[in-house]
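Every heavy atom of this structure was used, including side-chain atoms; hydrogens, water molecules and symmetry mates were not.
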Amino acid sequence: MLDQPKATAKVSEPPRHILPTASTMIGISTTLIGLVKLFETHGGPSQVDQYAGVAAVLFLFSAVTSYIAVRMERRPRLARLCEQIADNLFLIGLVTITGIAVFFAYEVI
């Protein structure tokens, strides 16, 4: 029988996926802020832009900690910690931006 090389399992790939996605979400949050600012001139004041700013900051911190995790591959404990922080911040940011969308759609905020 032919010996097939064993597949080596990578420890983790999330920081490489979180970094570009978090950066994209910062852009989406910024676009939302701009659109709300345009809407405010016609529809009255809203706090959606402030909440979207909070979501953008969460995505920024997620991207930064993901970048640190990628750069610290030689220090696995630190890389794993940064990866977990990036993952948690990203999920909190997603929940935040989704909540903003739902509340804005139903004119709660």
Side-chain angles (χ1 to χ4, degrees):
M1 288 216 171
L2 295 173
D3 288 311
Q4 294 181 358
K6 293 182 181 179
T8 57
K10 288 199 172 194
V11 174
S12 175
E13 282 296 321
R16 293 187 188 337
H17 298 296
I18 291 173
L19 182 58
T21 308
S23 301
T24 301
M25 293 305 293
I26 292 169
I28 289 172
S29 298
T30 305
T31 302
L32 176 62
I33 292 168
L35 290 173
V36 168
K37 290 293 186 185
L38 288 173
F39 175 74
E40 282 181 347
T41 59
H42 300 292
S46 172
Q47 295 180 349
V48 175
D49 55 340
Q50 295 169 357
Y51 297 130
V54 170
V57 169
L58 286 169
F59 289 123
L60 174 66
F61 287 143
S62 176
V64 168
T65 53
S66 177
Y67 177 77
I68 292 170
V70 170
R71 298 292 293 171
M72 295 293 170
E73 286 180 345
R74 294 179 189 240
R75 297 179 66 188
R77 275 183 79 195
L78 180 60
R80 182 69 183 145
L81 176 64
C82 288
E83 176 184 329
Q84 289 173 344
I85 292 169
D87 193 32
N88 290 334
L89 287 172
F90 185 77
L91 287 175
I92 293 168
L94 283 178
V95 169
T96 302
I97 202 81
T98 302
I100 291 167
V102 170
F103 290 146
F104 188 57
Y106 288 103
E107 298 178 2
V108 175
I109 54 175

*Would Val108 and Ile33 show up in the same hydrophobic cluster when neighbours are defined by side-chain heavy atoms closer than 4.5 Å?*
no
*Is Tyr67 linked to Ile92 within one hydrophobic cluster, defined over Ile, Leu, Val, Met, Phe, Trp and Tyr using a side-chain heavy-atom separation of less than 4.5 Å?*
no
_So does Ile18 get a backbone contact from the side chain of Thr21, meaning a donor-acceptor N/O pair under 3.5 Å?_
no
*Min side-chain heavy-atom separation Ile85-Ile68 under 4.5 Å*: no
*Shared hydrophobic cluster, Val102 / Leu94 (ILVMFWY, side-chain heavy atoms < 4.5 Å)*: yes
*Measure the spacing between CZ of Arg77 and CE of Met72 and express it to the nearest 0.5 Å.*
14.5 Å
*Hey, could you give me the CD1/OH distance between Ile97 and Tyr51, rounded to the nearest 0.5 Å?*
13.0 Å
*For the student: nearest non-hydrogen atoms of Val48 and Phe104, plus distance*: CG2-CD1, 3.1 Å
*Return the set of residues passing side chain to side chain contact (heavy atoms under 4.5 Å, CB included) with Val57 (not counting sequence neighbours), or none when no residue passes.*
Phe61
*Can you tell me how far the CZ atom of Phe59 sits from the OG1 atom of Thr30, to the nearest 0.5 Å?*
11.0 Å
*asked:* I'd like to know if the side chain of Ser66 reaches the main chain of Ser62, judged simply by a donor and an acceptor atom lying under 3.5 Å from each other, with no hydrogens or angles considered.
replied: no
*Quick check: does any side chain N or O of Glu73 sit under 3.5 Å from a backbone N or O of Ala79, one acting as donor and the other as acceptor?*
no
*Can you check whether Met25 reaches Leu58 side chain to side chain, under 4.5 Å on heavy atoms?*
no
*asked:* For residues 44-60, which residue pairs pass the salt bridge (charged side-chain N to carboxylate O under 4.0 Å, His left out) check, not counting sequence neighbours?
replied: Lys37-Asp49
_Checking the side chain of Asp87 only, and the main-chain atoms of Glu83 only, is there a donor and an acceptor separated by less than 3.5 Å?_
no
*Flag yes if Leu81 and Val64 sit in one hydrophobic cluster, no otherwise; membership is Ile, Leu, Val, Met, Phe, Trp, Tyr, and two members link when side-chain heavy atoms are under 4.5 Å apart.*
no
_With a 4.5 Å cut-off on side-chain heavy-atom distances among I, L, V, M, F, W and Y, is there a chain of contacts connecting Val95 to Leu91?_
no
_Heavy-atom closest contact (Ile26 atom, Ala56 atom, distance)_ = CG1-O, 3.8 Å
*Write down the atom of Ser29, the atom of Ala52, and the distance for their closest heavy-atom approach.*
CB-O, 3.7 Å
